[in-house]
Amino acid sequence: MPCLLFPLFAADSFAKSLTSNLSCVRGELNMRQFPDGETYLQFVSKLNEQDCIFIATLNKPNEKIAPLLFAAATAKELGAKKIGLIVPYLSYMRQDKRFHTGEALTSQYFAQLLSNYFDWLITVDPHLHRYHTLNEIYTIPTTVLHATIPMAQWVKTHGKDCFLIGPDEESKQWVSEVAHLAQVPFIILEKIRTGDREVTITLPDVKAYQHLKPILIDDIISTGKTLIKATQLLIGSGLAAPICLATHAVFAGNAYQELLAAGVKQVVTCNTIEHSTNQIDVAALITQEIIEYHMRAHKAV
Ligand code: R5P
């Protein structure tokens, strides 16, 4: 029996690329807000003994989490077999440590919530810094996919005579991988964050790279301050205006406009969060993973 796919929060175009390649059919679910802001939910599709997959990218998580958990709870109650979650951008990963006394470890609480309602989860490049794997906080099977291969492909196609720059220590994991795959040099900068919108970045000596085009790579662009500061330093040191390449186009407030105003040449992101800068498709990575998951499951039977 084909599984039922439910795209939530306008994940329709993402879901279309998945359903065209998977033995899944689009499920029917009515979701709307009551006038007071509460959520109304009604499954039109019959769920009894059906495997269900929800697709929900979780930027702006506070407004999405309650409807998402209600949808999963309803599906379970209506007889769904396994309920999976494809979450192209997984939020609440950055508070991975109690930095100051009394702070909430929201990464853990969020992981517990999703683990209580779903049977498995697939995501793309979650912000793994102090955690090495999602298993440290999620109690359900999780799969982490990486945008490094399609990013490296983009660099190979568009980044003639370039070098890559990671703005901070955390970025080394994906920048080094993209550099390796695209066969280009890379450097990593040093960043100290002193507030939500305050970062200090130190640039090493870049004389050796003056003849190359800079491409900054990061996992998330949130306030944009990291890439703005890095861009200003690169331009200030005589390098060409950089291209900014990122996985998740979170863009809090006016971050995108501010990044453009800082003088970047171009901003390119993956389609984990819909944005006009999306140029790198990660739906194929997810499709492949689901196909392989089903093959493994059949072999195990
Ligand atoms: C750092 O922890 C992340 O890899 C990104 O550098 C960070 O999330 C970017 O945030 P913002 O755009 O707010 O500087």
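Whatever order the structure lists ligands and atoms in, that order sets their numbers, starting from 1.
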Ignoring hydrogens and geometry beyond distance, is a side-chain donor-acceptor pair present between Thr277 and Tyr256 at under 3.5 Å? no
Among Asp96, Asp125, Thr223, which one has a heavy atom closest to atom 13 (O) of ligand 1? Thr223
Below the 3.5 angstrom mark, is there an N/O of Asp219, backbone or side chain, next to an N/O of ligand 1? yes
If you have a sec, work out which protein heavy atom is nearest atom 5 (C) of ligand 1 and how many Å separate them, to one decimal? Asp218 OD2, 3.3 Å
For Glu258, is there an ion pair with Lys225 - N to carboxylate O distance below 4.0 angstrom? yes
Where does the angle between the aromatic ring planes of Phe6 and Phe43 fall among parallel (under 30°), tilted (30 to 60°) and perpendicular (over 60°)? perpendicular
Would Arg94 and Tyr92 count as a cation-pi pair here, with the cationic atom under 6.0 angstrom from the ring centre and within 45° of the axis? no
List the closest protein heavy-atom neighbour of atom 8 (O) of ligand 1: residue, atom name, distance to the nearest 0.1 Å. Arg94 NH1, 2.6 Å
Asp168/Lys229 salt bridge by N-O under 4.0 Å criterion: no
Cys3/Cys52 sulfur atoms closer than 2.5 Å: no
May I ask you to list the atoms of ligand 1 that are less than 4.0 angstrom from any heavy atom of Asp168? 1 (C), 6 (O)
Do Glu103 and His100 have side-chain atoms, one donor and one acceptor, less than 3.5 Å apart? yes
Checking contacts here: is it the side chain or the backbone of His129 that comes within 4.0 Å of ligand 1, counting heavy atoms only? Could be both or neither. neither
Closest protein heavy atom to atom 9 (C) of ligand 1, given as residue, atom name and distance to 0.1 Å: Ile220 O, 3.4 Å
Glu170 heavy atoms within 4.0 Å reach ligand 1 at atoms 1 (C), 2 (O)
Ligand 1 atoms nearer than 4.0 angstrom to some heavy atom of Lys191 are 1 (C), 6 (O)
Give a yes or no on whether Arg197 atom CZ has more than 12 heavy-atom contacts from other residues, nucleotides or ligands under 6.0 Å away. no
Counting from 1, what ligand 1 atoms have a heavy atom of Gly224 closer than 4.0 Å? 11 (P), 12 (O), 13 (O)
Mind checking what makes salt bridge (Lys or Arg N to Asp or Glu O under 4.0 Å) contact with Arg26, not counting sequence neighbours? Asp12
Per-atom contacts, ligand 1 versus Arg193 - under 4.0 Å to a heavy atom: 7 (C), 9 (C), 10 (O), 11 (P), 13 (O), 14 (O)
Any atoms of ligand 1 less than 4.0 Å from a non-hydrogen atom of Thr226? List them with their elements. 6 (O), 9 (C), 10 (O), 11 (P), 14 (O)
Could you tell me whether Ile221 and ligand 1 have an N or O pair separated by under 3.5 Å? no
